Amino acid sequence: MPELPEVEISRRGIEPHILGREVTGVVVRQPRLRWPIPPDLGRQVSGRRVEAVERRAKYLLLRLQQGTLIIHLGMSGSLRILPSGTPPGRHDHVDLLFGDHCLRLRDPRRFGAVLWTREAVEEHPLIRHLGPEPLAPEFSGDGIYQLARARRVPVKNLIMDGRVMVGVGNIYANEALFAAGIHPHRPCNRISLARYRDLSEQIRRILSEAIRQGGTTLRDFRQEDGRPGYFARRLTVYGRAGEPCPGCGGTIRQRHIGQRSSYFCPHCQR
DNA sequence: AAATTCTCCTGAAGGC
DNA sequence: TGCCTTCAGGAGAATT
């Protein structure tokens, strides 16, 4: 499931293959993703050159001449660079053609999205309200602490809220809270500034490490060359219910918070 | 108004 | 072996 590191890895993987290249066509085999793919996408983007390949939160932004393609990988999306004409698999829904090769989106669960906007992408409804990037140099716990004071949701919900900060999905939220010794259920307004600063640092550290490891492959994620990521072996608590906590030897618990699974050590995390 | 629930979809895993 | 059921999960929309 692509979270921020997986999207950044995809960005770095595809950039050298498409930056500066002209889109020669688009093939849409299945337009029904999270939102329908615009029917005239091919006409809109063909002939335009890729001027930048960026990432904002978990959105990939392909800046073309006079517009931006917004790609979201949803739950199960992945991007591959392939020779043009490579036979598509069952869930290969979209190809962006670049002459001899193509950028192919595979997304079995179809929660992803491919959208086109000619407006300033920073003002797009999906982008406009996004919180700060954890990997930006100026990111610290201070802003989060201020926001948290006015709310009382569990801290895990807070850090997964894209308006508060972006890119922290379920896996990394669990890991960061363990690393910071904070209980995922703790009301977010009952955590000190010092602990938010530490938590922010842990989020940065874990996301950076995951990027270095090629991301976390749990089910479908593949790097652009088809290799899986290797961060899964570094996960300390996620998916380890019943196993011993590496900190105290106690048992890692799993509980549901919202609709998602939390994994934590009730002894080390308070 | 903040917080929770619902919804999209299908692969994987577990039970019998 | 294989069918059936349950679960997971990002994020906007709907609901409380």
Side-chain angles (χ1 to χ4, degrees), chain A residues 1-11 28-37 55-61 70-79 88-94 105-115 117 123-134 144 146-176 184-190 203 207 210 215-222 228-229 231-232 235 237-242 254-263:
Chain A
M1 50 217 68
E3 298 195 20
L4 185 146
E6 290 78 10
V7 179
E8 177 61 22
I9 287 155
S10 298
R11 190 197 69 74
V28 177
R29 301 181 194 85
Q30 169 58 272
R32 294 176 54 234
L33 302 186
R34 179 73 167 82
W35 296 281
I37 294 177
R55 177 190 59 75
R56 176 76 174 99
K58 299 179 193 176
Y59 296 94
L60 277 170
L61 308 178
I70 302 173
I71 300 175
H72 195 281
L73 299 178
M75 283 294 308
S76 58
S78 59
L79 293 169
R90 179 143 92 98
H91 302 297
D92 291 338
H93 304 314
V94 184
L105 172 68
R106 169 176 300 186
D107 186 6
R109 269 158 279 180
R110 287 162 47 194
F111 281 17
V114 178
L115 299 172
T117 178
E123 297 305 315
H124 191 277
L126 289 174
I127 307 290
R128 193 187 324 170
H129 302 290
L130 294 175
E133 291 280 338
I144 312 305
Q146 291 303 332
L147 271 173
R149 292 172 62 173
R151 303 177 58 180
R152 62 195 69 183
V153 283
V155 59
K156 180 157 176 274
N157 294 27
L158 184 83
I159 64 174
M160 290 180 68
D161 184 335
R163 294 164 297 183
V164 176
M165 68 179 83
V166 300
V168 182
N170 196 34
I171 295 175
Y172 298 113
N174 280 298
E175 294 296 311
H185 292 186
R186 174 168 282 273
C188 66
N189 59 347
R190 304 201 37 201
I203 289 170
L207 293 177
T216 307
T217 295
L218 290 186
R219 291 191 176 83
D220 311 294
F221 180 73
R222 289 293 183 277
F231 192 69
L235 298 177
V237 289
Y238 185 89
R240 295 190 183 277
Q254 174 181 15
R255 238 186 270 165
H256 282 79
I257 167 169
Q259 309 304 310
R260 302 211 169 77
S261 286
S262 302
Y263 298 90

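Residue numbers begin at 1 in each chain, while the letters A, B, ... track the order of the sequences. Hydrogens, waters and symmetry mates are skipped; everything else that's a heavy atom, side chains included, is used. Since we're looking at a predicted model, the values are computed, not measured.
Nucleotide B:dC9 holds its C1' atom 10 Å from the CE atom of A:Met75, rounded to whole Å. Between the CZ atom of A:Arg110 and the C1' atom of C:dA8 there is a distance of 18 Å, rounded to whole Å. Counting to the nearest Å, the P atom of C:dA11 and the CG atom of A:Leu115 are 14 Å from each other. Spacing between atom CZ of A:Arg106 and atom P of B:dT10 amounts to 15 Å, rounded to whole angstrom units. Distance A:Leu158 CG to B:dA2 P: 13 Å, rounded to the nearest Å. Counting to the nearest Å, the P atom of C:dA11 and the CZ atom of A:Arg128 are 18 Å from each other. Atom-to-atom, CZ of A:Arg151 to C1' of B:dA1 comes out at 11 Å; the value is rounded to the nearest Å. Between the CD1 atom of A:Ile71 and the P atom of C:dG10 there is a distance of 19 Å, given to the nearest Å.
Under 4.0 angstrom from either OP1 or OP2 of C:dA11 there lies at least one side-chain N or O belonging to A:His72. Taking only side-chain nitrogens and oxygens, A:Arg32 never comes nearer than 4.0 Å to OP1 or OP2 of B:dC8. The side chain of A:Arg90 contributes no N or O atom lying less than 4.0 Å from OP1 or OP2 of B:dT10. Side-chain nitrogen and oxygen atoms of A:Ser261 include at least one within less than 4.0 Å of the OP1 or OP2 phosphate oxygen of C:dA8.
With A:Arg56 contributing its side chain and A:Leu130 its backbone, the two residues share a donor-acceptor pair below 3.5 Å. Between the side chain of A:Glu175 and the backbone N or O of A:Val237, at least one donor-acceptor pair lies under 3.5 Å. Using a distance-only test at 3.5 Å, with no hydrogens or angles considered, a donor-acceptor pair links the side chain of A:Arg240 to the main chain of A:Leu235. The backbone N or O of A:Ala57 lies less than 3.5 Å from a partner atom in the side chain of A:Glu133, making a donor-acceptor pair.
Looking at A:Arg260, its side chain comes within 3.5 Å of the base of C:dA11 through a donor and an acceptor atom.
The neighbour count for A:Arg190 CZ, taken as heavy atoms of other residues, nucleotides or ligands under 6.0 Å away, does not exceed 12. For A:Arg163, the CZ atom is loosely surrounded, since the number of other residues' heavy atoms within 6.0 Å does not exceed 12.
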Contacts under 3.5 Å, N or O only, protein and nucleotides 12-16 of chain C:
unit_1, atom_1, unit_2, atom_2, d
C:dG12, OP1, A:Tyr59, OH, 3.2
C:dG12, O4', A:Arg34, NH2, 2.9

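Listed candidates were B:dT10, C:dG10, B:dG11. Nearest to the side chain of A:Glu3 is C:dG10. Side-chain proximity of A:Val153 to C:dA8, B:dC9, B:dT4: nearest is B:dT4. The nucleotide whose nearest atom lies closest to any side-chain atom of A:Phe111 is, among B:dC9, B:dG11, C:dA8, B:dC9. Of all nucleotides listed (C:dA11, B:dG11, B:dC8), B:dG11 comes nearest to the side chain of A:Pro108.
Screening A:Arg106, A:Arg29, A:Arg110 for a salt bridge (Lys or Arg N to Asp or Glu O under 4.0 Å) with A:Asp92, the sole residue that qualifies is A:Arg106.
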